[in-house]
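Working notes, beginning with the structure itself.
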Amino acid sequence: MLDGTGQALRPRTRLTVGQLPGGGQFGRAALYQLAGYLLLDYHDTYRIRRTGLYLSPQGALIDWAIDEFLRLLGTRLPLPDLRAPCHQALTGTAVANTARDTTPAEPCPPPPPRAPLPRPRHQLPVQDTLFD
């Protein structure tokens, strides 16, 4: 969820007893989801500068600057250098690395055409015309 100020938030409504003030904890999956939001914004469209978790039961916001968040996750590369291989792996096309390259990126290819779905087993065969 983007809050309109360049911050990606992950609302948390269910918490278990743990290390957070107020008795909550969050798991690795929530942090990976935040990292995914950052990586999937290939062209920095949303200009996310902070990310965090909003703990609604406690009314608390835990947030980080992007560089700090990535450092805490153990990355050594800046965000644009992480986005480029993610884009390449997921789409098969290269994207301009905005940290060093100002040339426009290639547009994503259109999705391949999908084959029609088979007729459900519970439906009887249907003729398109009387003469089929």
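Just so you know, these numbers come straight off a predicted model, no measurement behind them.
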Measuring from [X]:[atom1] to [Y]:[atom2], what's the distance to the nearest 0.5 Å?
X   : Y   : atom1 : atom2 : value
D63 : L53 : CG    : CG    : 9.5 Å
R76 : L82 : CZ    : CG    : 12.0 Å
Q33 : R28 : CD    : CZ    : 15.5 Å

Review point. Is a side-chain N or O of R83 found less than 3.5 angstrom from the main chain of L38, in a donor-acceptor match?
Key: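 Yes, because the side chain of R83 sits within donor-acceptor range (under 3.5 Å) of the backbone of L38.
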
Check your understanding: Counting only N and O atoms by type, is there a donor-acceptor contact under 3.5 Å from the side chain of T75 to the main-chain atoms of L70?
Key ->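 It does hold such a pair.
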
Exercise for review: Could you point out which residue of D44, D41, D67 forms a salt bridge (charged side-chain N to carboxylate O under 4.0 Å, His left out) with R49?
Suggested key: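 Of the listed residues D44, D41, D67, the salt bridge (charged side-chain N to carboxylate O under 4.0 Å, His left out) partner of R49 is D44.
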
Check your understanding: Between G59 and Y54, what is the shortest heavy-atom contact and its length?
Key ->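 Closest approach of G59 to Y54: CA-OH, 3.8 Å.
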
Check your understanding: Do Y32 and I48 belong to the same hydrophobic cluster, where Ile, Leu, Val, Met, Phe, Trp and Tyr are linked whenever their side-chain heavy atoms lie under 4.5 Å apart, directly or via other members?
Key ->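 Result: no, two separate clusters.
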
Review point. Taking C-beta and beyond as the side chain, do I66 and T51 meet within less than 4.5 Å on heavy atoms?
Key: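 Yes - at least one pair of side-chain heavy atoms lies under 4.5 Å apart.
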
Check your understanding: Between Y46 and L40, is any pair of side-chain heavy atoms under 4.5 Å apart?
Key ->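 A side-chain contact is absent here, since even the closest heavy-atom pair is not under 4.5 Å.
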
Exercise for review: Can you label the angle between the W64 ring and the F69 ring as parallel, tilted or perpendicular, going by 30° and 60°?
Suggested key: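 Tilted: the ring planes of W64 and F69 meet at 30° to 60°.
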
